[in-house]
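Both backbone and side-chain heavy atoms feed into the values below; hydrogens, waters and symmetry mates do not. One-based numbering, in listed order, for ligands and for the atoms of each.
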Amino acid sequence: MTVLLAGGAGYIGSHTAVELLNAGHEVVIADDYSNSCPEAVNRIEELTGKKVVSYEADVKDAEAVRKIFAENKIDCVIHFAGLKAVGESVQQPVRYYRNNIDTTLTLLECMKEAGVHRFVFSSSATVYGEENKIPYVETMKRGSCSNPYGWTKVMMEEILEDAAKADPELTVVLLRYFNPIGAHESGRIGEDPQGIPNNLMPYIAQVAVGRRDHLTIFGDDYPTPDGTCRRDYIHVMDLADGHVRAVNYAKDAKGVTVFNLGTGTPYSVLDIVHTFEDANGIKIAYEMGPRRAGDLPEFWADSNKATQVLSWEAKRNLQDMCRDTWNWQKQNPNGYRQGLGEDK
Ligand code: UFG
């Protein structure tokens with residue numbers, strides 16, 4: 001199949017592109033590079049030895065998207081083109097709603113015009129909200145979120161469900177990611193956040209490489225075994241494999257299907273710090289700080305549905321995730337912006 005990756009130069013998009021190409025699919029990338037680099041596309045081609053058609057395009061722009069559909073015979077769309085920083089979404093809610101909802105609507109409208117019927121969506125564990133019991137199962141109702149970013153994911157899921165209800169031709173796969181970390185085994189592609197990282201693993205990697213002085217652990221008084229929050233960390237290459245299986249599944253599926261993509265095993269912030277240290281032989285300086293607003297004490301996935309329906313399972317363990325993160329960061333201390341010096 002030919003798969004359009006909206007936001008395909010970003011962290012999860014670039015790893016998925018590699019896995020799709022390795023599985024024999026064709027890949028078209030549309031990215032506005034607002035939170036990614038064109039260099040990622042070069043690296044995808046280098047890793048796979050295959051050509052990627054790429055467009056510098058904002059997928060809110062219907063004209064730009066129409067052109068992509070007119071110039072390529074697209075069979076399936078994966079929508080990764082979302083803003084994703086929780087804290088920023090609290091400061092800039094309108095920008096988050098505008099970007100995340102409009103990209104989804106424009107893709108749906110242009111797909112309909114072009115006769116493209118398969119939509120795979122980057123959703124998040126955040127849609128389970130604050131009410132559901134752990135582990136999260138796909139049959140649970142969506143909950144209420146503590147920030148606009150989370151609400152955009154809830155709304156986009158609802159929009160896609162309504163669109164599929166109204167159009168029996170439309171197939172939608174909602175992939176609810178837990179906490180993706182790690183990088184391609186080669187260290188050529190990886191996570192490259194702009195500015196100060198919001199998420200734990202890129203922050204640790206930047207401490208390891210000397211870009212940050214120390215990690216602050218947000219709270220050690222949670223009702224968890226060591227007092228720090230627990231999450232379900234998943235290797236980005238296992239997540240990418242989940243996308244390949246979702247695309248294959250969407251080929252013959254009908255309606256909306258939801259899959260959790262997590263390992264089902266929670267690790268605490270201290271587990272991550274210590275495993276990173278052991279796997280890489282590096283000390284990570286850290287201090288305890290206050291809780292971060294909106295953090296849940298712990299959550300993890302029940303991913304049995306993905307195992308049963310997609311024959312998917314996470315193959316890489318936490319050591320692999322920590323080793324591959326460091327392999328990427330030490331080869332690319334400033335991410336894709338080599339030689340441009342320190343960011344803020
Ligand atoms: N943490 C720290 N210090 C840091 C950064 C994070 O202690 O500098 C802690 C957090 O408090 C949390 C854990 O590390 O306990 C993981 O934090 P991340 O920011 O890496 O991940 P979250 O679980 O908060 O966020 C993830 C996704 C979001 C999603 C959210 C809720 O990144 O997209 O889960 O599902 F919205």
Exercise. Which residues pass the side-chain contact (heavy atoms from CB on, under 4.5 Å) test with Asp75, sequence neighbours left out?
Worked result: Met1, Thr2, Lys73, Arg118

Exercise. Considering residues at least two apart in sequence or located in another chain, which fulfil the side-chain contact (heavy atoms from CB on, under 4.5 Å) criterion with Lys165?
Worked result: Asp162

For this session: List, ordered by chain and residue number, the protein residues whose closest non-hydrogen atom lies under 4.0 Å from any atom of ligand 1.
Result: Val86, Ser124, Ala125, Thr126, Tyr149, Asn179, Asn198, Asn199, Leu200, Leu215, Thr216, Ile217, Phe218, Cys229, Arg231, Tyr233, Val269, Arg292, Asp295, Phe299

Residues 213-220, side-chain donor-acceptor partners within the protein, below 3.5 Å, at least two apart:
{"from": "His214", "atom 1": "NE2", "to": "Glu287", "atom 2": "OE2", "distance (Å)": "3.4"}

Exercise. Going by the angle between their ring planes, with limits at 30° and 60°, are His15 and His184 parallel, tilted or perpendicular?
Worked result: tilted

For this session: Tell me whether the guanidinium CZ or amine NZ of Arg176 lies under 6.0 angstrom from the six-membered ring centre of Tyr136 and within 45° of its axis.
Result: no

For this session: Give me the one residue out of Trp312, Tyr177, Phe121 that meets ring-ring contact (aromatic ring centres under 6.0 Å, His included) with His243.
Result: Tyr177

